[in-house]
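Atom set for the values below is all heavy atoms of this structure, side chains included, hydrogens, waters and symmetry mates excluded. Here is how names work: the chains are called A, B, and so on, in the same order as the sequence lines, proteins then strands, and each is numbered from 1. Nothing here was measured: the structure is a model prediction, and the numbers come from that model.
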Amino acid sequence: MSYSPAISEPHWQQAWADADSFRAKRDGRPKYYVLEMFPYPSGRIHMGHVRNYAMGDVVARFKRAQGFSVLHPMGWDAFGMPAENAAMEQGGHPRDWTYANIATMKQQLLPLGFAIDWSREFATCDDDYVAQQQALFLDMLAANLITRKSAQVNWDPVDMTVLANEQVIDGKGWRSGAQVERKELTQWFFRISDYSDELLAALDGLTGWPEKVRLMQQNWIGKSRGLQFRFQTVDAPESIAEIEVYTTRPDTLMGASFVALSPDHPLVKSLAEHDGRVAEFVEECRRIGTTEEAIETAPKMGFDTGLKVTHPLDPTWELPIWIANFVLMDYGTGAIFGSPAHDERDHEFALKYGLPIRATFGQQGMDLAQADTLVAKAPYVPMKSETVTYVRGFAGQPDQTGDEGVATAIKAAEQQGWGEGVTKFRLRDWGISRQRYWGCPIPVVHCDEHGTVPEAKENLPVLLPRDVTFDVPGNPLDRHPTWRQATCPVCGGPALRETDTMDTFVDSSWYYARFTSPHAATPTDRADADYWMNVDQYIGGIEHAILHLLYSRFFARAMVKTGHLPPTAIEPFNALFSQGMVTHEIYMTRDEKGRPVYHLPEDVTDGKLADDTPVEIIPSAKMSKSKKNVVDPVDIIARFGADTARWFMLSDSPPERDVEWTAAGAEAASKFLGRVWRLADEIPEGGDDPDLTRSAHRAIADVTRAIEGFAFNKAIARLYELANAIARSPAGGEHRRAVLRILAQLLSPLVPHLAEEVWAKAGGQGMVIDAPWPVADPALLEDDNIVLPIQINGKRRAELSVPKTMTKEEIEALVLADETVQRFLEGAAPKKLIVVPGRIVNVVA
RNA sequence: GGGGGUGUGGCGGAAUGGUAGACGCGACGGAUUCAAAAUCCGUUUUCGCAAGAAGUGUCGGUUCGAGUCCGACCACCCCUACCA
């Protein structure tokens with residue numbers, strides 16, 4: 001008989017299901033909530049899913065064995081554009097496409113044997129989830145966490161929808177790849193920027209998060225301290241009497257040589273109405289901003305309005321007002337003053353348009369002429385912590401650091417009453433309106449009399465109409481003959497429904513909370529939320545380091561404010577782990593025109609195709625359909641079983657790093673698991689082997705530590721060692737069985753099906769999944785005799801086997817008597833003799 | 001431009017400042033076999049027959065002792081980017 005995962009894996013999965021082993025229960029035990037980022041139902045699972053969920057499963061099973069009440073749920077991030085795209089391309093309905101994909105993927109996921117509480121499963125497109133998300137929306141609206149404002153948005157002309165800034169990559173839509181246009185629309189916004197400071201400050205407390213992710217969030221929030229003030233214009237139309245600017249370098253104000261407005265600035269719009277050339281220039285900026293290469297190489301472009309402002313420190317000094325393409329409307333006030341001496345962009349702009357370049361400071365000790373020379377060809381931008389000499393300063397000592405210069409400049413402006421120190425953030429409000437069908441409808445109506453009115457809670461959910469088509473671009477909700485017709489909850493009169501749906505990031509911003517009570521008639525059940533929150537361990541890809549995690553942190557705050565989560569859940573994820581990708585070599589040939597043709601791994605043997613054509617092997621990259629370097633988990637499970645896939649995904653590479661899938665590695669994993677099975681299948685008679693007991697206890701200690709430290713590759717290395725030790729050991733009978741039971745327990749989080757087989761064969765009671773995690777006996781972790789390496793001048797030259805209890809003096813005597821040591825010493829006494837008990841000896845000759 | 005990270009055998013990777021290369025892959029040798037697959041047992045950092053010597057990107061430093069700590073440099077990777 002031999003190991004047959006195709007039979008045993010479904011058997012044990014059934015046994016676990018029969019025992020309802022994975023249902024999360026609120027009981028007296030301490031709880032543990034482990035969550036992996038839920039998948040988008042694209043249609044098939046891939047190796048990345050296997051790796052992600054295998055890691056979560058190890059944690060879930062390990063904590064379960066340690067006596068925790070474990071919550072380990074699974075769901076589907078089910079709204080989003082691919083469903084609509086599929087409907088456009090192949091016909092059909094997004095809803096049908098999505099639920100069919102969910103069914104397929106669930107059938108692919110189940111054979112992996114994950115310890116998931118499937119009774120909590122939901123999809124974000126379920127009517128129930130939509131209902132609770134809308135209830136949450138109304139509560140947030142009432143709590144002033146949502147606002148509606150007109151905003152410049154990124155418009156994707158292909159998908160006919162608005163994109164968030166972060167969904168625009170190099171000026172193109174992240175899904176469609178189309179050039180993004182600017183467009184003004186009234187949008188719904190979550191007021192995340194109200195929480196900028198708090199979201200930033202709270203990062204310090206997230207000690208269970210990778211430093212890297214915290215840093216990325218910190219940069220994204222982008223806090224800066226600067227001065228805000230108004231320039232008075234000279235002889236300008238009344239509508240532009242003053243221009244408000246923001247600067248982080250107010251200390252360079254005496255080097256100002258121009259004021260520049262963003263092309264999107266409201267003042268520019270009013271100027272454009274009177275001056276066709278302004279309108280033309282703005283138009284040109286927009287064109288440049290959205291053409292192919294422009295983003296990288298965009299030249300500085302400016303337009304002199306001919307208008308002037310007066311300098312706040314010298315009313316007789318006038319500066320020209322320009323419009324410049326490099327000034328962003330989204331940041332600060334959309335207007336700046338240019339100080340070319342100490343800013344690269346301003347310097348480039350000044351050189352191009354012949355504007356003056358005047359230093360405000362130079363290297364320490366420089367006089368005015370030297371400083372001006374210094375900045376003539378290139379700007380001087382030292383670290384703000386560096387001490388410089390101000391030659392055109394207006395506040396503080398001539399010699400001070402940039403930081404001091406900024407602080408004293410702000411102070412002076414405030415004292416003189418013409419400006420104030422302000423803190424700005426890069427983080428902007430989160431626009432959630434999408435002109436799409438397949439998303440959660442925003443539950444408001446527009447009434448002629450009462451304006452925009454929230455839908456009444458008793459009228460929820462506002463569900464999507466099913467009878468829609470996707471034969472033309474744009475939002476089918478706009479075209480629907482009756483869906484928009486609604487009743488105003490205030491006056492009962494006729495009203496029109498909002499046709500925008502929510503950004504799908506909204507759906508994933510609170511699903512972790514919903515899992516604590518997935519069937520509650522409110523967004524959460526407080527008793528459940530209080531018990532299960534927070535997520536103790538969250539696991540997912542680094543690609544969500546900023547958006548998803550930041551939005552989730554905002555939502556947790558919003559849910560605390562609206563009473564849906566306890567205040568302790570304000571940071572919802574105690575610990576975060578970012579796992580690496582699954583990669584594979586790429587196999588390529590070229591067609592007659594030299595274009596690359598990619599080949600699937602299963603079509604390549606020994607670097608050749610079936611017809612003997614050699615393929616070019618390109619180094620590993622993330623598995624992707626376009627490069628055809630994909631391995632389908634379904635095929636691997638069919639061939640080797642789930643445990644092999646799980647084992648290989650966790651072995652070799654550290655979890656945070658990329659892992660390369662290789663056929664040889666998968667086969668090796670399968671071979672090892674077969675070997676373990678045979679070890680349990682053929683248990684010889686024989687006696688005890690104390691060395692084996694020691695090996696087992698060392699393995700318990702090491703594997704436990706490795707799993708706790710997310711070092712699954714190291715846990716696996718120790719399990720190889722234990723299996724090898726058993727194979728070599730003369731132990732037999734009950735002693736061998738006892739050690740095999742320990743092996744089964746240690747294997748169970750990683751390869752749970754095989755572990756049950758081994759447990760059963762080795763005479764374990766019940767199922768290994770119900771056995772408490774073993775604890776190592778400290779007395780068995782060390783040998784009575786230890787091998788002490790002897791270094792001479794720091795190089796290992798000899799070794800000494802001594803009893804653990806031997807004293808330092810006895811060891812010293814033995815070392816000096818050692819043949820090798822004597823040869824090196826050549827009769828002389830050692831300069832120094834260092835004995836680190838139980839560790840090492842170093843002889844300094 | 002800014003920020004972060006990583007450099008260890010043919011490969012993936014181990015090493016609380018204390019025997020560098022655990023464990024695995026691959027390779028090589030052997031056993032078993034009519035033969036092969038599977039399985040089992042060895043060897044496998046480099047140079048050297050050996051004794052031995054060298055060795056963790058480069059150069060320096062701290063230390064009895066450095067892959068690990070400090071400084072400079074080189075290379076590669078990732079993120080981010082006109083943020084005033």
Side-chain angles (χ1 to χ4, degrees), chain A residues 2 166 170 210-216 218-220 222-224 226-228 245-250 252 260 262 289 295-296 298-300 324-339 342-346 348-349 381 424-428 542-543 545-546 580 583 620 647-648 651-654 656-660 662-669 671-672 674-675 678 702 706 711 713-724 727-728 787-800 830-836 838-845:
Chain A
S2 66
E166 46 272 19
D170 290 340
E211 188 59 36
K212 182 189 168 108
V213 173
R214 293 195 290 178
L215 226 121
M216 285 165 80
Q218 186 186 315
N219 291 338
W220 190 261
K223 184 176 183 170
S224 69
L227 181 73
Q228 191 156 322
V245 299
Y246 171 72
T247 178
T248 55
R249 290 311 297 258
T252 66
S262 164
I295 310 297
E296 282 285 309
K300 302 271 177 291
N325 66 338
F326 65 89
V327 180
L328 306 176
M329 190 58 221
D330 302 329
Y331 189 79
T333 59
I336 61 159
F337 72 80
S339 200
H342 306 294
D343 183 281
E344 287 186 26
R345 291 156 311 176
D346 295 350
E348 190 186 332
F349 192 77
V381 193
K424 292 246 184 238
F425 294 90
R426 206 185 81 124
L427 183 66
R428 281 148 298 188
I542 190 75
E543 65 272 23
I546 297 173
T583 65
S620 269
W647 184 261
F648 181 58
S651 58
D652 290 351
S653 289
E656 67 276 14
R657 259 192 247 180
D658 292 351
V659 64
E660 175 165 357
T662 62
E667 263 158 46
K671 272 186 206 173
F672 173 72
R675 218 173 115 225
R678 283 193 303 279
D702 289 350
N713 56 324
K714 286 184 232 168
I716 283 178
R718 297 287 87 82
L719 287 165
Y720 268 106
E721 279 177 340
L722 180 57
N724 290 341
R728 269 194 293 270
V787 174
L788 218 49
I790 301 175
Q791 291 184 336
I792 297 167
N793 294 328
K795 278 270 171 205
R796 181 189 166 281
R797 300 294 179 185
E799 61 184 34
L800 203 59
K831 287 204 189 96
K832 212 166 181 182
L833 187 58
I834 292 144
V835 178
V836 184
R839 276 263 170 225
I840 204 166
V841 178
N842 194 11
V843 182
V844 185

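- Comparing B/rC82, B/rC25, B/rG3 by their nearest atom to the side chain of A/L215 picks out B/rG3.
- We find that NZ of A/K831 is positioned 15 Å from C1' of B/rU63, with the value rounded to whole Å.
- The distance from atom CD1 of A/I716 to atom P of B/rG13 is 14 Å, rounded to the nearest whole Å.
- OP1 or OP2 of B/rU63 has not a single side-chain nitrogen or oxygen of A/N842 nearer than 4.0 Å.
- Contact annotation: A/K714 side-chain N/O to B/rA15 OP1/OP2 distance is under 4.0 Å.
- Rounded to an integer number of Å, the gap from CZ of A/R657 to P of B/rC78 is 15 Å.
- Distances were taken from every side-chain heavy atom of A/Y720 (C-beta onward) to each of B/rC40, B/rG55, B/rC23; the shortest belongs to B/rC23.
- Between the CZ atom of A/R796 and the P atom of B/rG55 there is a distance of 16 Å, rounded to whole Å.
- Across all strands shown, A/N713 has heavy atoms under 4.0 Å from sugar-phosphate atoms exclusively, and none from any base.
- Side-chain atoms of A/E721 lie closest to B/rA22 of the nucleotides B/rA22, B/rG4, B/rC25.
- When each of B/rC82, B/rC79, B/rA54 is scored by its nearest atom to the side-chain atoms of A/R797, the top-ranked nucleotide is B/rA54.
- A donor and an acceptor atom sit less than 3.5 Å apart, one in the side chain of A/R839 and one in the base of B/rU16.
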